[in-house]
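Protein chains get the first letters and strands the later ones, always in sequence-line order, with residue 1 at the start of each.
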Protein chains: 2
Amino acid sequence: MSRADLAREIGLTKVTVSAVVAELIDEGIIIDIGPDDRPGVPGKRPTLLTLCEDHRRIVAVDLTREGRLSGAVMTLTGESMDRRRLETLLCLGPEGVDELTNFCQELIAASATPVLGVGVATPGLVSPDNNTVRAPKRGWSDLPLEGILTERLNLPVAVGNDANCAALGEFAFGATEGSYVLSILVGDGVGAGLVVDGSIVPGPKGGAGEVAHVTATVNGDGAPWGTPTTCVCGRSGCLGTLLSEPELREALKGLDEAASEAWLRAVGQRLGAILAPIVAVLDLSDIVLAGPTDLLDGPLLEAAHDSLRERVWPSMNPIPRLAMSAIEDRAPLVGAGVLVLSRTLGIP
Amino acid sequence: MSRADLAREIGLTKVTVSAVVAELIDEGIIIDIGPDDRPGVPGKRPTLLTLCEDHRRIVAVDLTREGRLSGAVMTLTGESMDRRRLETLLCLGPEGVDELTNFCQELIAASATPVLGVGVATPGLVSPDNNTVRAPKRGWSDLPLEGILTERLNLPVAVGNDANCAALGEFAFGATEGSYVLSILVGDGVGAGLVVDGSIVPGPKGGAGEVAHVTATVNGDGAPWGTPTTCVCGRSGCLGTLLSEPELREALKGLDEAASEAWLRAVGQRLGAILAPIVAVLDLSDIVLAGPTDLLDGPLLEAAHDSLRERVWPSMNPIPRLAMSAIEDRAPLVGAGVLVLSRTLGIP
DNA sequence: TCTAATAGTTAGTACACCATACTATCAGTC
DNA sequence: GACTGATAGTATGGTGTACTAACTATTAGA
């Protein structure tokens with residue numbers, strides 16, 4: 001891009017853009033790669049600029065899976081340069097924070113260039129007010145993770161809910177088409193994340209996207225499951241008792257192909273029914289499913305799509321794109337990186 | 001409020017606030033009402049300030065009901081000073097725009113003090129890009145209403161979807177408790193509007209809140225209606241075929257009290273089932289129902305509440321407040337006024 | 001009476017952005 | 001081949017918004 005392009009894009013004047021660009025060139029963040037010689041419109045040839053990807057790196061960590069720390073050193077454009085994994089059973093309570101700190105420090109040390117900041121995608125509730133984390137499964141209640149890590153690492157730290165980060169990752173580097181993106185993350189449980197115009201919608205207390213305990217069944221609705229499983233919440237029919245990796249694998253155990261497909265279709269159909277009101281209220285442009293491809297990508301996804309099309313009328317606006325994640329299990333990780341970008345550089 | 005209070009509230013320094021306040025006092029928008037003599041904390045007594053409500057008025061018009069123009073001259077704090085109504089059958093196509101213009105001019109002329117701007121709540125889709133209106137029922141397709149009115153009235157004009165305006169009105173002047181407000185407007189049809197942190201969530205193309213054609217029934221779900229009515233969209237079971245003033249009145253015709261109540265409960269139950277996924281994804285703090293009180297406030301509302309409580313687990317966050325509108329049919333009107341405030345004064 | 005807290009002012013400064021005017025360069029046309 | 005009009009980028013000065021620092025005035029309570 002040239003300075004003039006930037007000015008048009010951002011809406012600032014050429015003068016202002018030139019001044020800012022000069023500053024960024026001084027700092028080494030932007031590089032002047034000379035005039036664009038391709039003939040086209042009349043006028044002086046623009047001088048092209050490019051982002052120096054090696055100027056700063058981002059460290060991102062994903063805590064989605066229980067017993068695993070997943071991390072990466074990324075460029076400013078979301079490319080993972082160095083991915084690491086740590087299988088551990090200790091990541092609970094205060095010890096978990098220590099372990100996380102060490103893991104971050106390792107990644108920071110592994111970065112070839114200075115680190116812009118550290119992004120963390122964690123399960124549980126992240127309060128939008130004070131950024132404390134409430135994750136019962138991790139033994140964290142109102143843990144000021146951002147503050148602790150900022151102090152220990154001496155770097156800007158951004159903490160976000162994993163499903164929200166996933167949505168952000170899909171929006172920024174996935175195959176999404178629009179600006180209203182819902183991401184459904186299927187792992188040990190189910191979580192959803194919503195991104196509108198590039199910003200996470202956290203909910204008033206950080207509880208948005210907690211869809212595991214929405215009732216997905218209707219009494220006697222003719223699904224292959226007989227009596228629905230009782231959920232940890234004490235009720236039955238929760239989405240989480242149907243749609244999660246362990247639950248699905250358990251349910252499909254011993255079923256033949258036809259029965260498996262019927263089961264998956266039934267789950268997909270219920271997912272679609274839950275998505276329908278959300279699609280209508282938000283006019284979503286994209287819904288992205290992330291999780292085990294062998295389970296989700298097939299009858300389940302198709303049934304969800306069919307169910308959605310049956311239950312929402314595309315009169316004013318088309319049905320959203322509903323597809324598997326193009327960046328798969330990297331979504332929360334990449335999204336945590338984007339969170340750092342938006343916090344430190346104000347993007348967007 | 002005093003200058004110091006304002007500074008704390010807004011986050012600017014006392015100096016800056018003092019400067020701005022001085023300017024606003026000069027312009028007559030703020031009035032200095034002398035020192036606060038109530039003893040309390042130590043220190044110099046604050047000098048209290050108040051908004052001069054008579055400095056500017058807002059003109060708001062609501063086009064929700066077919067065949068009716070509903071308008072008001074309002075103070076900056078949302079109080080209606082002069083409400084007017086015009087029953088007309090002409091409000092279609094370009095003639096409708098002429099009529100609307102005249103109605104606005106009447107209201108502007110009726111205002112005792114200068115008018116800050118004009119807000120219009122209209123059914124149909126209002127594009128968030130260029131603010132054109134698409135309302136098939138009004139014979140408007142991609143009508144640049146905001147531009148036309150701005151030019152004709154020579155005043156700032158803000159046009160918004162009626163349900164969205166209603167949600168904004170509820171948030172600003174209703175009895176809502178939190179910052180994530182969903183408003184359900186029941187009139188000739190059903191519409192929903194969503195406000196997050198004081199801003200309307202319009203959807204990527206202005207289509208958010210179009211819930212009339214979400215399927216609300218499930219095959220053989222044991223409701224009092226036998227075969228569900230066929231909707232104008234050609235399908236059956238749409239929320240709009242159950243929940244709208246004409247449909248409800250038609251359905252209750254000839255039913256005894258018990259049967260009426262059963263019907264209303266069944267509709268409320270379906271409404272709750274539709275709301276559940278939305279509540280979970282957004283962690284809504286308030287849901288407000290606006291429309292005919294005799295139909296909505298009673299078994300329908302109760303059933304919706306019960307159904308919602310059954311289908312969402314309040315583990316992390318409480319179930320949202322679900323109640324009838326405290327400002328009733330004024331919500332879209334007041335919301336249109338708030339839209340003017342946020343556009344012209346940048347609130348919030 | 002003294003101290004600590006609070007409200008509000010004055011003076012000077014930093015920053016981001018803008019408008020205007022300028023130079024340099026190109027495509028196309030008479 | 002000079003002229004016109006469009007485009008890219010720079011130089012200069014101005015404006016609006018906000019800040020910090022230091023000050024005065026006032027009050028409750030030890």
Legend entry - Value in whole Å for how far the P atom of C/dC15 lies from CD of A/Glu23: 10 Å

Inset, instruction - Using atom CG of B/Leu12 as one end and atom P of D/dG16 as the other, report the distance to the nearest whole Å. - result: 18 Å

Any non-hydrogen side-chain atom of [X] less than 4.5 Å from a side-chain atom of [Y]?
X: B/Val118; Y: B/Val340; answer: no
X: A/Leu49; Y: A/Met1; answer: no
X: A/Leu125; Y: A/Val133; answer: no
X: B/Tyr180; Y: B/Val195; answer: no
X: B/Ile29; Y: B/Arg56; answer: no
X: A/Ile327; Y: A/Glu170; answer: yes

Inset, instruction - For nucleotides 2-11 of chain D, just jot down a letter per nucleotide in 5' to 3' order: B, S or -, based on protein non-hydrogen atoms under 4.0 Å. - result: ---BBBBBBB

Inset, instruction - Would you indicate, yes or no, if C/dC18 has its OP1 or OP2 atom less than 4.0 angstrom from a side-chain nitrogen or oxygen of A/Thr13? - result: yes

Inset, instruction - Would you mind reading off the bend of the helix from C/dT1-D/dA30 to C/dC30-D/dG1 from its two end axes, five pairs each, to 10 degrees? - result: 0°

Inset, instruction - Just jot down the salt bridge (Lys or Arg N to Asp or Glu O under 4.0 Å) partners of B/Arg8, sequence neighbours excluded, or say none. - result: B/Asp5

Inset, instruction - Please determine if B/Asp286 and B/Arg321 form a salt bridge, counting it only when a charged side-chain N lies under 4.0 Å from a carboxylate O. - result: yes

